[in-house]
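Everything on this sheet refers to the single structure shown next.
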Amino acid sequence: MSAQILDGKATAEKIREEIKDDVSRFVAQTGVQPALAVVLVGDNPASQVYVRNKETACVKAGMKSLMFRLNAETTSDALCDLIEKLNKDDSVHGILVQLPLPKGIDEKRILDLIDPQKDVDAFHPENVGLLSQGRPRFLPCTPYGIQQLLIRYNIETKGKRVVVIGRSDIVGKPMGLLLLQKGLGGDATVTVCHSRTDNLADVVKEADIVVAAIGKAQFVTADMIKPGAVVVDVGMNRIQKEIVDENGERKTVSKLVGDVDFDAVKEVASWITPVPGGVGPLTVTMLLLNTLNAARRLVADAQ
Ligand code: GUN
């Protein structure tokens with residue numbers, strides 16, 4: 001039997017409508033328009049697409065988007081000056097520095113400098129610490145989106161064995177922390193696997209829920225999945241694929257695939273996210289929510 005689709009795109013659209021209504025109510029009550037400052041350094045093509053998506057989503061939700069595009073030769077000092085300026089600017093509620101930064105820029109120094117109250121990515125050590133203690137200020141966008149997707153499809157996490165594949169600071173580690181929290185969308189028994197995990201396939205096979213965030217195209221195969229498991233695919237990998245076109249000619253095309261071998265795994269899983277249209281749209285959505293919440297807190301603190 002084929003798995004049912006966890007439709008991230010539709011879920012993201014629904015949440016964005018809710019956020020848009022909340023933004024319009026907030027603006028009517030306070031006269032303040034939530035504003036997100038996005039900083040892009042260099043010309044990484046994928047980052048340029050992500051940043052454009054964030055800008056468009058912000059505007060559609062009724063928020064202000066401030067874009068700062070800096071060239072790849074920008075120094076750490078110059079970037080720090082910009083962050084300090086944005087930290088002090090009361091009309092800016094969220095600050096996001098798109099990663100990866102070009103080589104030569106001290107990423108930790110930059111992320112640590114962002115005012116934790118405006119850190120809508122939840123990458124600042126203070127916000128990571130608050131999350132790990134179970135009293136989060138901001139939730140990191142991709143794990144937050146995945147948790148919302150599971151909640152909105154009534155997929156129980158309480159008491160379930162979840163295996164996260166990948167230990168990145170952006171997805172793997174915070175995903176584990178979120179699923180460990182007490183309450184709805186949490187209370188799971190979490191294992192975080194990575195490239196050095198012994199018998200990784202055997203560990204994944206025990207999971208009721210698998211979150212694949214390892215950055216390797218089609219890494220998770222059907223034999224690794226327990227029948228009936230829920231599979232969430234965070235991967236965004238470009239592969240070259242040979243096809244035969246309508247004239248019968250062979251040609252190589254570029255295709256976006258996840259970390260999961262979707263066609264095979266969907267025959268074993270009960271629920272699965274597609275790529276694209278799964279986790280991706282939810283990440284931007286939760287960024288919007290974090291920005292609105294940052295504005296709510298900053299405006300309340302100023303009163
Ligand atoms: N690059 C890839 N994902 C992210 C993200 O969630 N936030 C930022 N700032 N950069 C990224």
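Ligands are counted one by one from 1 in listed order, and the atoms in each one are counted from 1 as well.
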Sub-4.0 Å heavy-atom approach of Tyr50 to ligand 1 |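 Judged by the 4.0 Å heavy-atom criterion, Tyr50 does not count as contacting ligand 1.
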Give a yes/no verdict on whether any heavy atom in Thr142 is under 4.0 Å from an atom of ligand 1.
->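 So Thr142 does not count as touching ligand 1.
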Contacting atoms of ligand 1, where contact means under 4.0 angstrom from a heavy atom of Leu96 |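 Those qualifying, in numeric order: 9 (N).
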Close-contact set for ligand 1 against Phe123 heavy atoms, below 4.0 Å =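 The atoms of ligand 1 under 4.0 Å from a heavy atom of Phe123 are 7 (N), 8 (C), 9 (N).
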[X] and [Y] ion-paired at < 4.0 Å:
{"X": "Asp208", "Y": "Lys226", "value": "yes"}
{"X": "Lys173", "Y": "Asp169", "value": "yes"}
{"X": "Asp202", "Y": "Lys205", "value": "no"}

Report the part of Leu99 in contact with ligand 1, treating N, CA, C, O as backbone and CB onward as side chain, heavy atoms under 4.0 Å; options are side chain, backbone, both, neither.
->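 Under 4.0 Å from ligand 1, Leu99 contributes backbone and side-chain atoms.
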For atom 11 (C) of ligand 1, what's the nearest protein heavy atom and its distance?
->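 It is Gln98 NE2, 3.5 Å.
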Atom 8 (C) of ligand 1 - nearest protein heavy atom and its distance |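 For this ligand atom, the closest protein heavy atom is Asp121 OD2, 3.4 Å.
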Do we see a donor-acceptor contact under 3.5 Å between the side chains of Lys255 and Gln240?
->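 There is no such pair (donor and acceptor under 3.5 Å, judged by atom type) between the side chains of Lys255 and Gln240.
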Between Pro100 and ligand 1, is there a nitrogen or oxygen pair with a distance under 3.5 Å?
->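 No, Pro100 has no N/O under 3.5 Å of an N/O on ligand 1.
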Could you tell me whether Asp223 atom CG has more than 12 heavy atoms of other residues or ligands within 6.0 Å of it?
->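 Above 12, so yes.
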Distance from Thr197 atom OG1 to Ile165 atom CD1, nearest 0.5 Å?
->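 Here the rounded value is 9.0 Å.
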